[in-house]
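What follows is a single structure, written as structure tokens, with notes after it.
Chain identifiers are assigned alphabetically (A, B, ...) following the order of the sequence lines, protein sequences preceding nucleic acid strands; residue numbering begins at 1 within each chain. Keep in mind that the numbers below use all heavy atoms, side chains included, and drop hydrogens, waters and symmetry copies.
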Amino acid sequence: MGSLHHIKHLALTLLKTPTTTLRTPSDLKRLHVYLIKTHLHLTSSFAVGNLISRAASLGLLSHASTMFDQMPHPNVFVYNNLIRAFHLHHHPQNALLVFLRMNVVPDSFTFVATIKACVEDPAFFRMGASIHARSVRTGFDRDVPVATGLIEFYAARAGVDAARKVFDEMGSRDVVSWTTMLACYVNVSDDIASAREVFDTMPEKDVKAWGAMVGGYVKAGDMGRAREVFDEAPSRDLLMRNVMLGGYAKAGEVGELMRLFDGMRDRDVVSWNTVIGGLVQGERFNDAVAVFHRMQVENARPNRVTFVNVLSGCARVGALDVGRWIHSYIDRNGFVVDAVVGTALVDMYSKCGALESATHVFGRMARKDVAAWNSMIMGYSMNGRGEKSLEFFHAMRREGVEPNEVTMVGVLSSCAHAGMVEEGKRCFEMMQGELGIAPTTEHYGCVVDLLGRAGLLREAREFIQSMPVEPGTNVWGALLGACKIHKNVALAELAVEHLIKLGVDDGGSIEIDGAVHEFGVGEKAHERCREIYAMLREVAERLRRAGHVAETGEAFFDVEEEEKEMALSTHSERLAVAFGLIGLRKGEVIRVVKNLRVCVDCHAVIKLISKVFEREIVVRDRSRFHHFKEGRPAMQNLVKHSVFA
DNA sequence: ATAGGGTTAG
């Protein structure tokens, strides 16, 4: 109820203890109206300053600036809050403009806020230096928070030595300035030894100082030392535990991660997100989804980071059901699909082979940055739609979005899939020239793929030899793929030799009812193993009747004939497809994710399975998708939601 | 009445 009594009460409370009231935007809007009605907005710097401060933290910047504009004589308190408001909303230029135009004497709070704004953008280096000079002239540089702000400013803009100079010249230091100096060594110069030296020299340490030191070791990847400091600290707060969780997540120490997490009395959304992210990184996808479900049970509210983490897990294992569920959760709960969440959705859909949904999400995104375009370009490329992918590339350039190295991987692989050799070569040239992007092993792999697929095997081989960097698995994998297509056994053996040396193994997985099942070659460990092999025998029998003969020429050159047939029929992707035939209801699309390329025989067999068993099958391998429907490689209806339609 | 330091993401 917006009764006048209620509003008056709110206003009076605000004037006494402003930070504890006004929790919602509507509270603030009512108060705004009240201040105007009572003309307090013209005279009370106290009321207006506080309103600006609360408006900024509630995301209502327009209320803040309206109130400011209406005030004839704002005092320094009002100015400070407006500068802080702009800074909070990432408008450092506006913050500094307010500072330059203010016609009252700045105080130490003003200097802190403006220096902070200068840290945000490298363009404000000279501005920051001149504010520093002004603080020296007016004596505000002796204020500890001002000097601390300057340490951060110089560390970010001129390096840690310049920051250290300010630190050394400070008249007095407190625990915050010491911790700031420590953090500069950690974040700016990766100098853990100097950070430790500062830590050992500090006259007093609070929980944040201990936390900063833990974070330093975490960033250096030294979890042993991080744990030592963590255990040694006189007290541990939530943030410090989260830092530790992040370290275990980054190091892939999932056991320690879960042990610490489960032992925590209270957790915030960062704790949950860190654990989910760590499980996804550690390829423990089912556990990651389980933790997400645990969040619901424990009434913990997820945020956009949670969604992005879970979605990236879905993308990696091709878990379309879970991904769709997350998408509907986002919509149901009114979360905004911003550039990052949108890209995560697009990426998930396209890596699950659901291009139609990916295109739909992309089309509805308000802001599309490089990463968003990349996910579309990559998505179409991986799904074998090279021309469409290049259309997106050109649209992106028309929109004035600068391509990066990820874009070019997508573009080059599109050219490879579409057989556009000359276009691909042109793009490779353009990338190094016009765009000034240095090629990575990914790009070289794409070029090998481009040449190899087109049958230019000798050129591909020569290209590999001319590479200035060591060829990775992707490069040899591309060459092997080309050898399979063009039946070049000698070159294939060379590629396989390198792949084995680089430690590549074989595996595939499939998602049933939100759970991921993994299969290796000749896998026998799965709980429904007997059923799966029975199904494989049925598959073999039905395919034989349909006239299939295995093309054993290309796999295992040194294996006896029968063993060859056996090994081929237990290739991981076939085990997974067989499991899909058992575990999924008729009419559901069977989606399989594989970490190597699908061999020619499996490709042929799965094509036949899709026909004989009347199932739609999508197999994703390390470079692209294979859609099968009614015995043919199938394409979904992609044009409907396309931005070009 | 307003300030400065350690945590998660496409």
Residue Asp369(A), side-chain atoms from C-beta onward, closest of dG10(B), dG4(B), dG5(B): dG10(B)
From CA spacing to verdict: salt bridge (charged side-chain N to carboxylate O under 4.0 Å, His left out), Arg367(A), Asp338(A): CA-CA 7 Å; Arg367(A) 198 176 71 85; Asp338(A) 63 10; over 6 Å; no
Candidate nucleotides dG5(B), dT8(B), dT2(B), ranked by approach to the side chain of Thr274(A) - the nearest: dT8(B)
Sugar-phosphate, base or nothing in reach of Thr306(A), heavy atoms under 4.0 Å: nothing
Touch class at under 4.0 angstrom, heavy-atom based, for Ala249(A) against every strand present: nothing
Sugar-phosphate, base or nothing in reach of Thr180(A), heavy atoms under 4.0 Å: sugar-phosphate
Sugar-phosphate, base or nothing in reach of Ala147(A), heavy atoms under 4.0 Å: nothing
Distance-only polar pair, side chains of Asn404(A) and Thr407(A), donor-acceptor under 3.5 Å: yes
Touch class at under 4.0 angstrom, heavy-atom based, for Asn303(A) against every strand present: nothing
Touch class at under 4.0 angstrom, heavy-atom based, for Arg304(A) against every strand present: base
Among dG4(B), dT8(B), dG10(B), the nucleotide that comes nearest once only the side chain of Arg84(A) is considered: dG4(B)
Closest listed nucleotide, where the reference is the side chain of Ser108(A) and the choices are dT8(B), dG6(B), dA3(B): dA3(B)
Sugar-phosphate only, base, or nothing, as touched by Asn309(A) at under 4.0 Å among non-hydrogen atoms: sugar-phosphate
d(NZ, Lys351(A); C1', dG10(B)) in whole Å: 9 Å
Proximal nucleotide (of dA1(B), dG4(B), dT7(B)) relative to the Asn75(A) side chain: dA1(B)
Check: Asp143(A) side chain, dG4(B) base, donor-acceptor under 3.5 Å: no
Sugar-phosphate only, base, or nothing, as touched by Val218(A) at under 4.0 Å among non-hydrogen atoms: nothing
Any donor-acceptor pair under 3.5 Å from Arg236(A) side chain to Phe230(A) backbone: yes
Nucleotide dG4(B), atom P - distance to CE of Met170(A) in whole Å: 15 Å
Touch class at under 4.0 angstrom, heavy-atom based, for Asn374(A) against every strand present: nothing
Whole angstrom value for the distance that separates C1' of dA9(B) from CG of Asp347(A): 12 Å
Between Thr180(A) and Thr148(A), a side-chain donor and acceptor under 3.5 Å: no
Spacing of Phe335(A) atom CZ relative to dA9(B) atom P, expressed in whole Å: 18 Å
Nearest to side-chain heavy atoms of Ser177(A), which nucleotide of dG4(B), dG10(B), dA1(B): dG4(B)
From dT2(B), dG5(B), dT7(B), nucleotide with atom closest to Asn81(A) side chain: dT2(B)
Touch class at under 4.0 angstrom, heavy-atom based, for Met244(A) against every strand present: nothing
Touch class at under 4.0 angstrom, heavy-atom based, for Ser45(A) against every strand present: nothing
dG5(B) OP1/OP2 closer than 4.0 Å to side-chain N/O of Lys116(A): yes
Side chain of Asp174(A) - closest among dA9(B), dG4(B), dG5(B): dG4(B)
Side-chain H-bond candidate by donor/acceptor type, Thr110(A) with Asp107(A), under 3.5 Å: yes
Selected nucleotide, minimal atom distance to Phe77(A) side chain, candidates dA1(B), dG6(B), dA3(B): dA1(B)
Step-by-step salt bridge (charged side-chain N to carboxylate O under 4.0 Å, His left out) determination, Arg164(A) to Asp168(A): CA-CA 6 Å; Arg164(A) 181 68 193 229; Asp168(A) 286 337; 3.2 Å; yes
Of the listed nucleotides dG4(B), dA9(B), dG10(B), the one nearest the side chain of Ala372(A): dG10(B)
Polar side-chain contact Asp237(A)-dG6(B) base: donor and acceptor under 3.5 Å: yes
Touch class at under 4.0 angstrom, heavy-atom based, for Ala339(A) against every strand present: base
Between dG4(B) (P) and Ile151(A) (CD1): distance, integer Å: 14 Å
Nearest-Å distance for atom pair CG/P, residues Leu88(A) and dA3(B): 11 Å
Integer-rounded Å distance: dG6(B) C1' and Tyr217(A) OH: 15 Å
Sugar-phosphate only, base, or nothing, as touched by Val78(A) at under 4.0 Å among non-hydrogen atoms: nothing
Distance, rounded to the nearest Å, where Phe292(A) contributes CZ and dA9(B) contributes P: 17 Å
base_contact_polar (dG10(B) base, Thr343(A) side chain, donor-acceptor, <3.5 Å): yes
No-hydrogen, no-angle side-chain donor-acceptor test under 3.5 Å, Arg259(A) and Tyr248(A): no
Sugar-phosphate only, base, or nothing, as touched by Val243(A) at under 4.0 Å among non-hydrogen atoms: sugar-phosphate
